[in-house]
Amino acid sequence: MTEYMNQGSKDTRSGFGEALLELGRQNPDVVALCADLTGSLKMEAFAHEFPDRFIQVGIAEANMMGIAAGLTIGGKIPFTGTFANFSTGRVYDQIRQSIAYSNKMSRYVLHMQALPWERMVLPTRSSRTSA
């Protein structure tokens with residue numbers, strides 16, 4: 001069993017950014033895709049160290065999922081990042097058709113999932129259905 005060492009408290013986003021960078025260093029097939037949230041998802045270090053393995057798709061979540069599905073065909077391991085509501089609602093067809101039906105392996109990072117964000121800062125980018 002893998003042993004883990006507590007390195008102190010930190011926000012989830014920072015932990016994700018650090019883990020993504022470490023995965024990128026360990027495996028050249030790891031690729032990161034982001035829908036215009038590089039800073040918010042703490043993906044800057046990965047993008048800086050591996051610019052050839054980082055894809056900023058902009059506000060195009062459905063396209064991002066299609067690109068992720070295509071990358072798996074070439075043996076890549078894509079990690080996608082966007083707001084939870086957009087990654088579960090707006091791109092459902094792409095996930096179902098391009099990834100799930102054909103047994104592709106992708107990883108999804110869902111940012112600002114459901115409450116308490118919905119009432120605090122970004123009501124259009126969160127949803128109870130993303131929980």
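Since the model is a prediction, treat every value here as computed from it, not as a measurement.
- Remark: of the listed residues L33, V31, L23, L23 is the sole one forming a side-chain contact (heavy atoms from CB on, under 4.5 Å) with F79.
- In this structure, T72 OG1 and I77 CD1 are separated by 10.5 Å, a value rounded to the nearest 0.5 Å.
- In plain terms, the two heavy atoms of G24 and R53 that are nearest each other are O-NH2, 3.0 Å.
- In this structure, K10 NZ and F16 CZ are separated by 13.5 Å, a value rounded to the nearest 0.5 Å.
- Summarising the geometry of K42 relative to D11, their closest heavy-atom pair is CE-OD2, 4.3 Å, with the distance given to 0.1 Å.
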Under the criterion side chain to side chain contact (heavy atoms under 4.5 Å, CB included), I'd like the reasoning laid out for F54 against E49: C-alpha separation, chi angles, the key distance, then a yes or no. CA-CA 9 Å; F54 179 77; E49 191 163 327; over 6 Å; no
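- Between D29 atom CG and L71 atom CG the span is 10.5 Å, to the nearest 0.5 Å.
- Shortest non-hydrogen contact noted between T82 and E61 is OG1-OE2, 3.1 Å.
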Between F50 and L21, is a side chain to side chain contact (heavy atoms under 4.5 Å, CB included) present by the stated rule, with each step listed? CA-CA 9 Å; F50 307 108; L21 180 60; 3.9 Å; yes
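- The CD atom of Q56 sits 9.0 Å away from the CE atom of M64 when rounded to the nearest 0.5 Å.
- Counting all heavy atoms, side chain and backbone alike, A35 lies closest to V57 at CA-CG2, 3.9 Å.
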Go through E44 and H48 one step at a time and tell me if the side chain to side chain contact (heavy atoms under 4.5 Å, CB included) criterion holds. CA-CA 6 Å; E44 303 103 328; H48 179 73; 6.0 Å; no
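- Across all their heavy atoms, P78 and A68 have their closest contact at CG-O, 3.5 Å.
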Could you give me the CA-CA distance, side-chain angles and deciding distance for L41 and L20, then say whether side chain to side chain contact (heavy atoms under 4.5 Å, CB included) is met? CA-CA 10 Å; L41 286 172; L20 181 64; over 6 Å; no
